[in-house]
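Scroll down for the structure; my scribbles are underneath it.
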Amino acid sequence: MRTYDTDSITLEEVRDNVWEIPQSGEMNVPARVLASESLLEEISGDRTLQQLKNTTELPGITKYAVCMPDGHQGYGFPVGGVAGIDAETGCLSPGAVGYDVNCGVRMMRTNLTYDDLTGTETELVETLFEAIPCGLGGGGVLEVDRKTVDELLNAGVEWAVDAGYAVEEDLRRCEDEGRRPEATPDAVSQEAKDRGRSQIGSLGSGNHFLEVQRVTDVFDPEIADAYGLEPDQIVVLIHTGSRGLGHQVCTDYLAAIKQSHSELLDSLPDTELAAAPAGSELAASYYTAMCAAINFAWVNRQVVMHQTREVFETVFDRPWESMGMELLYDVAHNSAKLETHEIDGENRELYVHRKGSTRAFPAGREEIPETYRSVGQPVLIPGSMGTGSYVLCGGDAAMTETFGSTAHGAGRVMSRTQAKREFWGGDVQQELQDQQHIYVKADSGATIAEEAPDVYKDIDEVIAVSEALGIGKPVARTFPVCNIKG
DNA sequence: ATGTTC
């Protein structure tokens, strides 16, 4: 058997693209990295493997901890990590969800072609940048009062329908129909709500963005047809999360859990993995607060999409409906969810923690919108602003291999600090425009440098692993036209 | 990711 050795951890190759850290010591289960050898080499360059191994010490974790091909280190738990933890005997860990609760992406279709956009790129990118707040801090499209924030934390995208920022059809094209019904606004601190009130309809910072793209490749015509995608078509990808509200929920509950459950904390190899035991009061309240933050993020992406529709109306001087600007799908990248999975022949109720990982349910699952159910759920995987993105379809193997999950992006290979040393934002921007006809706009050159295409792993290789394992099947590829960066 | 180092 081939092995891959690092200073402290040895992985065994189970088969192509599957590497295992065997169970030993305090580990409750093994850990698996799903990666080609070259991706594994990148993954082993930071603390990801140690964090993944630490994750297996969480009580109640089942089967194995998973690291996706785009994995990198995160707070306590790797970004690109999946853990299915028993919901009765296990625990719930905020660090295994992430600070940006329901960070995720949605794709909106249009019936425009690349030719329709040619010549409007500069106006389009400028108008989008004007209409959609970017960067750190407050300032969203909306500012709502305290009563309204409670309503939308509870109702999710249904609130946006009532408030005129969404149509009924948008609801049906969101994971969980844009609402986690378990959400309890009372479990969210006033501080978190006050941070969120002024941030509805904003991108935020980091790797968040809005990108106008064109479909360059269709790999599976039948599924692409079901998703309403064809070559040369213009689509819009929106990547943002729950902003300061979700961050505050994570901060609040990490502090409370560390204080109330020190015994569990002391048994874990990293305080950043702090977890509330299943059945505890804090597990229940964190779950309902996290669901509220999930709903907030869906409303946020919905309002950003609403703004995008209005921008297209301005630039192309037509109603958005006539441009076919329908939501294709919206997926969460950071969440914990109660799901039933078969473990060793037994159906078990799990808190499936996905952090930087996308649900990828295959054909037939009732959780998938009816229009897509016969083919499988759309999985949206953004790449860097110079390489484009993929639309995948959930594969059968996801249910047996990865708790119904696949990757979520390209994954960084370089720190932001290092990126700013290596690249000059203005040069990156000019090069993208001159050589690839990609129009990028951001608040500062530093933002563009930090997100330069070369700071990311090879998205094609990440997707190839997903395809080879049968957890996500490539349907279409897109290429950037205009990009506004948080 | 983040009112960017409470």
Side-chain angles (χ1 to χ4, degrees), chain A residues 46-48 51 70-81 93-105 133-140 143 149 188-210 238-256 258-259 271-274 286 289-290 292-294 296-298 300-301 304 331-336 353-358 382 384 408-412 414-420 425 442-451 455-456 485-486:
Chain A
D46 61 22
R47 297 191 63 243
T48 310
Q51 289 187 335
D70 54 337
H72 58 94
Q73 69 181 33
Y75 178 89
F77 188 100
V79 177
S93 173
V97 173
Y99 271 92
D100 191 3
V101 178
N102 193 6
C103 176
V105 292
C134 297
L136 275 172
E143 173 141 11
V149 85
V188 178
S189 68
Q190 194 57 55
E191 190 182 6
K193 291 175 190 174
D194 284 340
R195 287 181 72 175
R197 282 199 297 143
S198 63
Q199 296 185 320
I200 301 158
S202 65
L203 283 184
S205 66
N207 62 357
H208 290 166
F209 65 82
L210 180 150
I238 295 165
H239 182 194
T240 182
S242 53
R243 304 295 330 278
L245 184 143
H247 192 276
Q248 193 63 48
V249 166
C250 186
T251 304
D252 291 342
Y253 279 95
L254 275 171
K258 282 179 187 170
Q259 195 168 25
T271 54
E272 294 183 355
L273 279 177
Y286 169 67
M290 179 202 64
I294 286 173
F296 181 88
W298 273 320
N300 186 29
R301 288 198 285 278
V304 171
V331 297
H333 286 165
N334 286 4
S335 98
H353 297 66
R354 297 187 182 91
K355 178 183 183 182
S357 171
T358 318
S384 78
H408 86 305
R412 293 189 79 86
M414 192 187 294
S415 73
R416 294 183 178 277
T417 316
Q418 195 188 340
K420 278 180 285 197
D443 256 332
S444 73
T447 303
I448 297 176
E450 287 176 11
E451 292 292 315
V455 313
Y456 282 98
K485 289 297 306 183

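Residue numbers start from 1 in every chain, and the chains themselves are labelled A, B, ... in the order their sequence lines are given, proteins ahead of strands. Reckoned from all heavy atoms, side chains included, excluding hydrogens, waters and symmetry mates.
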Requested in this report: Rounded off to whole Å, could you give me the NE2-to-P distance for the A/His247 and B/dC6 pair?
Outcome: 12 Å
**Report entry** A/Gln259 atom CD, over 12 foreign heavy atoms within 6.0 Å
**Finding:** no
Query raised in the report: Think A/Ser205 has a side-chain N or O under 4.0 angstrom from the OP1 or OP2 of B/dT2?
Result: yes
Query raised in the report: Do A/Glu272 and A/Lys258 sit within salt-bridge range, that is, some charged N less than 4.0 Å from a carboxylate O?
Result: no
Report task. Give A/Gly137 one of three labels, base, sugar-phosphate or nothing, depending on what nucleic acid heavy atoms sit under 4.0 Å from its own. Result -> sugar-phosphate
Query raised in the report: Given atom CG of A/Asn300 and atom P of B/dT2, what is their separation to the nearest angstrom?
Result: 10 Å
Requested in this report: Report the distance from atom CG of A/Asp443 to atom C1' of B/dT4, rounded to the nearest whole Å.
Outcome: 13 Å
Query raised in the report: What is the ring orientation for A/Tyr75 with A/Tyr99, classed by angle as parallel under 30°, tilted 30 to 60°, or perpendicular over 60°?
Result: perpendicular
Report task. May I ask you to decide whether A/Arg197 forms a salt bridge with A/Glu143, counting only side-chain N to carboxylate O separations under 4.0 Å? Result -> no
Query - Spacing of A/Asn334 atom CG relative to B/dT2 atom P, expressed in whole Å - result: 11 Å
Query raised in the report: Just how far, in rounded Å, is P of B/dT2 from CG of A/Leu254?
Result: 16 Å
Query raised in the report: Tell me: CD of A/Glu451 to P of B/dT4, nearest whole Å?
Result: 19 Å
Query raised in the report: For A/Tyr75 and B/dT2, what is the distance between atoms OH and C1' respectively, to the nearest whole Å?
Result: 13 Å
Report task. Looking at every strand, decide which applies to A/Gly98 at a 4.0 Å heavy-atom threshold: base, sugar-phosphate, or nothing. Result -> nothing
Report task. Can you tell me the distance, in whole Å, between the CZ atom of A/Arg243 and the P atom of B/dT2? Result -> 5 Å
Query raised in the report: With a non-hydrogen cut-off below 4.0 angstrom, is A/Gln199 in contact with a base, only sugar-phosphate, or nothing?
Result: sugar-phosphate
Requested in this report: Answer with base, sugar-phosphate or nothing: what part of the nucleic acid does A/Ser242 contact at a heavy-atom distance below 4.0 Å?
Outcome: nothing
